[in-house]
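Below is one structure, written out as structure tokens; the observations come after it.
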Amino acid sequence: MTGSLGRLPVLLSHAMSTENASTSDEQHRLLAARRQKLDALRAPGADPFGGRFDTDGTVGDVRARFAEGTVFRVAGRVTGHRDFGKSHFLDLSDLTGRIQFYVNSKSLPPEQSAALNALDLGDFWGIEGEGFITKTGEPTIRASRFVPLSKALRPPPGGYYGLADVEARHRQRYLDLLANEKSRATFLLRSKVLRGIREFFHERGFLEVETPMMQPLAGGAAAEPFKTHHNALGIDLFLRIAPELYLKRLLVGGFPKVFELNRNFRNEGLSRRHNPEFTMLEAYWAYADMELMADLMEDLICRLADNAERLELKDAEGNVTRTVSFARPWRRARYKDLVEEAAPGWFALTPEGRVERARGELGLEIAPGMADFEVTQQVFEKKIEEKTFDPLFVTHLPKELVPLARQNAADPSLVDVFELVINGMEFAPGYTELNDPDVQRERLLAQSGGEKMSLDEDFLLALEHGMPPAGGIGLGIDRLMMLLSGSDSIRDVILFPHLRPKE
RNA sequence: GGGCUGAUAGCUCAAUGGUUAGAGCACUCGCCUUUUAAGCGAUUGGUUCUGGGUUCAAGUCCCAGUCGGCCCA
């Protein structure tokens, strides 16, 4: 890299003392070289880990305001070094981009010369100098001064090919973020989406609230909770599987529009689509219903997708594999009508006839003893849901599928619920919420198999004080991010996904 | 939980059961004052994930394990 490093004795012992025996000698050699330079920086009395450095903004800011002859101060990681003996072209990078700076090593003061010799890729530097344009037209800062701000004692991974190892990308996300532009883009987008959600609801008069993540009873959904213990109170607590029952208490308390955007926890398996902790949006709106909530959901997602007409999903090579149309209004259709579209005459059959047809003509696997509504649900999942890519609100679901929702006034076998399907997946549910405390009690009892111990009596007490009729929605933010960022795995949209510990 | 599949240098990847496991980049050294995946030359760098087994011979085949990936439940 640089021809003027001089003769540095290779002292492996320095690095050996801080490394365990399993680290290879090669690693020792690479680390030893960096520690040599660390010591070299300390020699003139400098602090290799720097301190405050006032800048004129980010690298992106400097690029935007770049002008020849103007002096800029900027800080970042040194990510490139092209050395011509006397002329050095270096890259300084931060999250906002990269800018080239130039150092002429011919006439440097001694401490600057020492700093340049002690440079490794990955080190943080602050630089100051005039802008100029090189022969090749590159905006460049002629660094009249540079300050080492932090030494990187390990080499950056990646390089031209990036960091490809999936496991390393997840276990050491910081390296993924440094090495892979796509990963940076995904998490910048995630931050933008979270901000967009908050803005959307604030504009509509919703209050952002925070309800307990530790709950005496894990209600609001059917899932295995994590259990913990509070010593001072001497009680077991559960990490929440949903915030729903607390948000509804707020409707009782007179907050007519609330939303919560935060983590839920489910003690279940890990997969491409499941992380034990995941981010959920829930919103409740007094005096609204399922239809208004569907409108709200459509508005929200279109806005988060920057009102794009369509979303192109790409494979690893960047080829478009599918296009999801966001053209509005999004289709709304009844569950039964959709099943009839896929299997005409379905509901005229006997339950036995449906099993026969599902196994035969439709080619589905129907387990023995499957309930009639489950057979129909198989048809829905395999023949409709998995083949629906553009947004579709499926409405008027059979009540067996959603036991906690309010029954439809005209047809008590149905519930006033929608399920939004996008890209072949259940994406987000919406409800006309149940606010009759007696019916709610019956439903919760039925759900718990008649076990009264697990009834959230405090929630039922709240309902008895009166909850306004309301609409509610839930939106899994991780799956939304998978869609918007074109990721196949939830681990690509969660900064630090859970993995089995190594060793 | 089941099936399939993967783990080789710091990174990205090669290597018919057969010589001393290679290449590019990075690192280190030499040359170079306008490059940008800089260039040219040289030198380094390996517990082939771990533990067994088969074989004259194992990165390669078999078994078990660890950690991933894909599919299914």
Side-chain angles (χ1 to χ4, degrees), chain A residues 1-12 15 19-37 40 68 78-93 97-108 116-123 131-143 152-172 175-176 178-181 268-274 315-316 365-367 370 378 381-382 386 487-492 497-503:
Chain A
M1 176 181 74
T2 170
S4 47
L5 188 65
R7 287 183 300 278
L8 290 174
V10 176
L11 297 178
L12 291 178
E19 288 301 307
N20 64 45
S22 70
T23 309
S24 70
D25 288 349
E26 161 69 4
Q27 182 83 321
H28 290 153
R29 198 177 60 78
L30 293 171
L31 298 189
R34 285 180 178 245
R35 286 191 179 269
Q36 285 280 319
K37 294 181 183 175
E68 286 189 89
V78 178
T79 53
H81 187 180
R82 294 169 293 282
D83 172 7
F84 290 79
K86 297 188 181 68
S87 287
H88 296 249
F89 294 91
L90 301 107
D91 295 328
L92 194 72
S93 299
R98 178 198 68 87
I99 193 159
Q100 175 167 276
F101 67 104
Y102 172 88
V103 172
N104 186 334
S105 64
K106 195 177 173 183
S107 54
L108 288 176
L116 181 62
N117 288 343
L119 173 70
D120 282 308
L121 293 185
D123 290 358
F132 76 104
I133 304 283
T134 65
K135 274 184 190 170
T136 54
E138 176 87 7
T140 302
I141 295 172
R142 190 187 309 276
L153 292 174
R154 288 174 183 270
Y160 181 64
Y161 294 101
L163 179 64
D165 183 273
V166 176
E167 193 175 348
R169 288 183 45 231
H170 293 149
R171 287 191 199 277
Q172 292 181 280
L175 298 182
D176 179 39
L178 289 174
N180 297 322
E181 166 66 29
E268 293 166 1
L270 300 120
S271 82
R272 203 164 60 81
R273 291 180 181 174
H274 298 88
D315 62 16
E365 285 185 27
I366 304 297
M370 209 178 244
Q378 279 295 309
E381 284 178 8
K382 302 293 178 193
E386 288 185 5
S487 303
D488 290 327
S489 170
I490 198 168
R491 295 192 183 115
D492 289 329
H498 287 282
L499 294 174
R500 195 178 292 274
K502 265 201 151 169
E503 290 163 0

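Only this structure's heavy atoms are used, side chains among them; waters, hydrogens and symmetry mates stay out. Chain letters run A, B, ... following the sequence lines, proteins first and then strands; every chain starts at 1.
- Here A:Arg491 does not reach the OP1 or OP2 of B:G68: none of its side-chain N or O atoms lies under 4.0 Å away.
- Scanning atom types as modelled, one donor and one acceptor separated by under 3.5 angstrom connect the side chain of A:Gln100 and the base of B:U35.
- Among the protein residues, A:Arg34 comes within range of no part of the nucleic acid, since none of its heavy atoms lies under 4.0 Å from any strand.
- Taking 4.0 Å as the cut-off between side-chain N and carboxylate O, A:Asp492 and A:Arg169 count as a salt-bridged pair.
- Side-chain to base pairing of A:Tyr102 with B:U33: one donor and one acceptor N or O lie within less than 3.5 Å of each other.
- When the side-chain nitrogen and oxygen atoms of A:Arg29 are compared with OP1 and OP2 of B:A9, none of them lie within a distance under 4.0 Å.
- Judged by distance alone, with hydrogens and angles left aside, A:Arg500 brings no side-chain donor or acceptor close enough to the base of B:U66 to form a pair under 3.5 Å.
- An aromatic stacking contact links A:Phe89 with the base of B:U35, defined here by ring centres under 5.5 Å apart and ring planes under 30° from parallel.
- Below the 3.5 angstrom threshold, one finds a donor paired with an acceptor across the side chain of A:Thr134 and the base of B:U35.
- Remark: the A:Ser87 side chain and the B:U34 base include no donor-acceptor N/O pair separated by less than 3.5 Å.
- One atom, NZ of A:Lys86, and another, P of B:U33, lie 4 Å apart when rounded to the nearest Å.
- A:Asp165 comes within 4.0 angstrom of the backbone, heavy atoms only, and of no base.
- Side chains of A:His170 and A:Asp176: no donor on one and acceptor on the other come within 3.5 Å.
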